[in-house]
2 protein chains.
Amino acid sequence: MAAMTASEKPRPAGTAGLRHSLLGEDLSFLLARANALSLTAANSALAEHGLKARSFSVLALAVYDTRPTQRELAEFLRLDPSQVVALIDDLEKRHLVERRTDPADRRANVLVATDAGRALFARAQESARAAEADLLAGVTPEDRQRLARILRLLAFPD
Amino acid sequence: MAAMTASEKPRPAGTAGLRHSLLGEDLSFLLARANALSLTAANSALAEHGLKARSFSVLALAVYDTRPTQRELAEFLRLDPSQVVALIDDLEKRHLVERRTDPADRRANVLVATDAGRALFARAQESARAAEADLLAGVTPEDRQRLARILRLLAFPD
DNA sequence: TATTGTTATACTCTATAACTATA
DNA sequence: TATAGTTATAGAGTATAACAATA
């Protein structure tokens, strides 16, 4: 450890100082960092079920009764349609979901969950909920509701 | 368009139905979708300055006076130290930042912005602000403050 | 002609391990 | 012995264009 001379201004140690920098006030950055932490926690919680946030989301939409087409999944999850193919391929190989051709438009595949898919989803959802609860430990119930409401405005701006 | 028989339940068209599914209520998903939109908007706004959200963040922290080490940058931005190397390499080649070896610890590099870096940052920040304002168009000033406060709890949970 | 799903491909991003110089 | 930065590399994620089947 070198001695500090008068000409060397002391540097604030650690990342605590950065938190009060320009970026620490920036909404986009806070959003990105909060999301990164949330995603990491979710992926690690879902790993024991052989899922990630992506495949969990697809499974969730299959379990729900709207029977989305792959195109709708892609738009909703903000993925390219070609990525949805790979995600569904994996889930279908594991017999968690099935592709059914939409009788109203035979070009389109409608996604439905199998019983095994519903069962796995129920278990995975518990893990995801626990991880989310952990992430939200420092946030009051009122603030959680506020956060959800405001994020919905950002996520669906129409 | 095939005629619909009685046995075929009508499928809600479009993604509007998905919004009220299990996922549409999920905070992690809303966070991910809001962040995806924010990131896309930021990257496209910063492109004219030759920056992306990542390099803009690094530049912002260099401009700010805390003179962070690369290690601190990596931790704060949740990047691997090896990724920070590449980001700084690019900015340094463009003479926007400089690496200075920390006199207190000659292993560490401290990042400082050049005058050109500060000038570019000021311009880029304007573009970023405009993009963020656009994203937040539907959110009241009170809700923006609430959002920032709550996101800070999630982003820095200590 | 336009759209859905698919395939192929390239590009970026991310994660890991090893190396060097300093501590 | 441990840490900061660097390099190399492989894996995951992303974006784009072209194709077959259907509208």
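Lettering follows sequence order; numbering is per chain, from 1.
We find that CG of B/Leu111 is positioned 13 Å from C1' of D/dG5, with the value rounded to whole Å. Taking atom CD of A/Glu75 as the reference point, atom P of C/dT4 lies 10 Å away to the nearest angstrom. Per the geometry, CZ belonging to A/Arg71 stands 10 Å off C1' belonging to C/dT6, to the nearest Å. Across the protein-nucleic acid pair, B/Asp90 atom CG and C/dC13 atom C1' stand 15 Å apart, rounded to whole Å. To the nearest angstrom, P of D/dT7 lies 12 Å from CD1 of B/Ile88. Rounded to a whole Å, the CD atom of B/Gln70 is 5 Å from the P atom of D/dG5. At whole-Å resolution of the value, CG in B/Asp89 and C1' in D/dA8 are 14 Å apart.
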List every contact pair, protein side and nucleotides 15-21 of chain D side both N or O, where the distance is under 3.5 Å.
unit_1	atom_1	unit_2	atom_2	d
D/dT16	O4	A/Ser82	OG	3.1

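Judged as a side chain to side chain contact (heavy atoms under 4.5 Å, CB included), and not counting sequence neighbours, the contacts of B/Ser57 are A/Leu23, B/Leu77. Under the rule for a side chain to side chain contact (heavy atoms under 4.5 Å, CB included), the partners of B/Val139 that lie at least two apart in sequence or sit in another chain are A/Ile150, A/Leu153, A/Leu154, B/Leu136, B/Asp143, B/Arg144. Checked against side chain to side chain contact (heavy atoms under 4.5 Å, CB included), A/Ala113 has the following partners two or more places apart in sequence or in another chain: A/Ala62, A/Val63, A/Arg118.
For B/Phe29 and A/Phe76, the distance between ring centers is under 6.0 angstrom.
No path of Ile, Leu, Val, Met, Phe, Trp and Tyr side chains, each step under 4.5 Å between heavy atoms, connects A/Leu30 with B/Leu39, placing them in separate hydrophobic clusters.
For the residue pair B/Leu31 and A/Ser38, the shortest heavy atom distance occurs at CD2-CB, 3.9 Å.
For residues 21-50 of chain A, the set of pairs meeting the salt bridge (Lys or Arg N to Asp or Glu O under 4.0 Å) definition, not counting sequence neighbours, comprises A/Glu25-B/Arg152.
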* Please assess A/Arg19 against B/Asp158 for the test salt bridge (charged side-chain N to carboxylate O under 4.0 Å, His left out), listing each intermediate value before the final yes or no. => CA-CA 12 Å; A/Arg19 199 176 302 186; B/Asp158 37 50; 2.9 Å; yes

* Worked check of salt bridge (charged side-chain N to carboxylate O under 4.0 Å, His left out) between B/Asp89 and B/Lys93 -> CA-CA 6 Å; B/Asp89 280 351; B/Lys93 264 177 212 140; 5.5 Å; no

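Residue B/Asp105 is classed as a sugar-phosphate contact, given heavy-atom separations below 4.0 Å to backbone atoms only.
Residues A/Asp102 and B/Thr69 each lie close to DNA chain D; by heavy-atom proximity, the contact nearer the 5' end of the strand is made by B/Thr69.
Side-chain N/O atoms of A/Arg99 include one lying less than 4.0 angstrom from OP1 or OP2 on C/dT6.
Contacts of residues 32-60 of chain A with DNA chain D (heavy atom under 4.0 Å): A/Lys52, A/Arg54.
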